[in-house]
There are 2 protein chains.
Amino acid sequence: MARSKEFDPSIVLRKSMEIFGHYGYEGTSLQNLLEGLGIARQSLYDTYGTKRDLFISAVKHYINEKTATVIARLESPGSAKMAISEIFFEAISVLKDDAKRKECFIMDSAIAQVPHDSEIAEFFNQDLKRLEEAFYKALVRAQEQGELGEQKDKAALAKYLNHSRYSLTQVAKLSSDPKVLDDFVSVILTTLE
Amino acid sequence: MARSKEFDPSIVLRKSMEIFGHYGYEGTSLQNLLEGLGIARQSLYDTYGTKRDLFISAVKHYINEKTATVIARLESPGSAKMAISEIFFEAISVLKDDAKRKECFIMDSAIAQVPHDSEIAEFFNQDLKRLEEAFYKALVRAQEQGELGEQKDKAALAKYLNHSRYSLTQVAKLSSDPKVLDDFVSVILTTLE
DNA sequence: TTCATTTTAGACTGAATAGTCAATAATAGA
DNA sequence: TCTATTATTGACTATTCAGTCTAAAATGAA
């Protein structure tokens, strides 16, 4: 029928995570996007809609992908406590990788929009709820497996792990020394001891 | 000599923390500021300089004030462990107060500027360093007082407490339920047990 | 080759942007 | 009261903003 796109919309979406993550939503201009993505103005509008549409697509894609991985790991067979540890170690390994870490900062840009964008706010609500449930169930399993003290407050711990994981990108942004992330996560995990 | 200002520059500075915290740095327009602050355009430029100047003044004023309070508490006589707890309880009490919490969100707006503003980046560097040292010394005292296990990694804990405290505003922004803050902080403090 | 369809390129728009300027109003000290 | 100094006001500018439109270039299927 017609010519095919000269770019891979999925790759461009990943790249837009980096750009929005670097400049923030309002801080990102169309020009930033066009130069960074290497596509034409009209291609952007035809493929993704407005700047806000692109931002929301990028945020949802990023979070859905991460959350799916985390939940899958939490529900995987074996030690639940080990699963939780690995989720955090995997996260800091991404944040230490110069190529991968850039996408993560779209989290902070998205959180900054929560007071102004009800769609994003609701999306975070749902994401946190799903993750909290998954962490909670994992903590139940950890107790059953005898790897988590019976006196631990699983509900509080689930919320804590949730928000601690969310805070990793902020720690990474503030700390040039990657060792800080190691220390930060190793202390987080002591809350399970 | 001449007439005096019709506004209190200190109060206006506090109000600008709220505005920048709500909209973010780039998301805040001059019009937002003028309407929110209730002062004239030229008054703003005469008193504070450019938008960026005002932002930096607000950020520095906010952080310096908070940090001074935290360090003073950490160096105060008595139980060092109690001091650390109180710092976190005080923080969430501010974040639960509708009138006080708004200013706090300038933290997130400021952190978002770290990659683009070397002055802010350096300021955070120094602030985190000062706080980390203060936390570390408090942890040393806590060990001396017999309230912190000898095997604890004080350096890692100091960094951890630092960044956990910094992450409180993000937790508050994402959680409508203030109980989440209680749970979050109560788990944080278990790292000292 | 033809043609329907889509991408691309770049000009264009009106609104909003940060910041300046000049004129007026107010006031504290002499 | 006078005057030097400052605050206030609102008009103004040049730039950048997101988004639209038109036309040319490209290309897959028939």
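Just so we're clear, the structure is a prediction, and the values are computed from it rather than from any experiment. Chain A is the first sequence line, chain B the second, and so forth, proteins listed ahead of strands; every chain is numbered from 1. Hydrogens, waters and symmetry mates play no part in the numbers below; they use all other heavy atoms, side chains included.
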Should the pair [X]-[Y] be classified as a salt bridge under the 4.0 Å nitrogen-to-oxygen rule?
{"X": "Glu26(B)", "Y": "Lys51(B)", "value": "no"}
{"X": "Glu65(A)", "Y": "Arg14(A)", "value": "yes"}
{"X": "Lys60(B)", "Y": "Glu119(B)", "value": "yes"}
{"X": "Glu18(A)", "Y": "Lys15(A)", "value": "yes"}

Nearest whole Å is fine: how far is [N] [atom2] from [X] [atom1]?
{"X": "Phe55(A)", "N": "dA18(D)", "atom1": "CZ", "atom2": "P", "value": "14 Å"}
{"X": "Ile39(B)", "N": "dG10(D)", "atom1": "CD1", "atom2": "P", "value": "14 Å"}
{"X": "Asp46(A)", "N": "dT22(D)", "atom1": "CG", "atom2": "C1'", "value": "13 Å"}
{"X": "Tyr23(A)", "N": "dC17(D)", "atom1": "OH", "atom2": "P", "value": "11 Å"}
{"X": "Tyr48(A)", "N": "dT7(C)", "atom1": "OH", "atom2": "C1'", "value": "13 Å"}
{"X": "Glu35(B)", "N": "dG10(D)", "atom1": "CD", "atom2": "P", "value": "14 Å"}
{"X": "Leu37(B)", "N": "dT9(D)", "atom1": "CG", "atom2": "P", "value": "14 Å"}

(message) Just to be sure I understand: a Watson-Crick pair is purine N1 to pyrimidine N3 plus N6-O4 or O6-N4, both under 3.5 Å. Using that and G-U wobbles, which stems of three or more pairs involve DNA chain D?
(response) C:1-30 with D:1-30

Considering only distance and modelled atom types, tabulate donor-acceptor pairs under 3.5 Å from the side chains of residues 157-164 of chain A, sequence neighbours left out.
residue: Tyr160(A); atom: OH; partner: Tyr160(B); partner atom: OH; Å: 2.4
residue: Asn162(A); atom: ND2; partner: Leu128(A); partner atom: O; Å: 3.0
residue: His163(A); atom: ND1; partner: Lys159(A); partner atom: O; Å: 3.3
residue: His163(A); atom: NE2; partner: Ser175(B); partner atom: OG; Å: 3.3
residue: Ser164(A); atom: OG; partner: Tyr160(A); partner atom: O; Å: 2.9

(message) Please determine whether the number of non-hydrogen atoms from other residues, nucleotides or ligands lying under 6.0 Å from atom NZ of Lys129(B) exceeds 12.
(response) no

(request) Please work out which of the three classes, parallel, tilted or perpendicular, describes the rings of Phe55(B) and Tyr25(B), given edges at 30° and 60°. (result) tilted

(request) Using a 4.5 Å cut-off on heavy atoms from C-beta on, say whether the side chain of Phe105(B) contacts that of His22(B). (result) no

(message) So if I define the base as every atom that isn't primed, P, OP1 or OP2, how would nucleotides 15-24 of chain C read as a B/S/- string at a heavy-atom cutoff under 4.0 Å?
(response) --SBBBB---

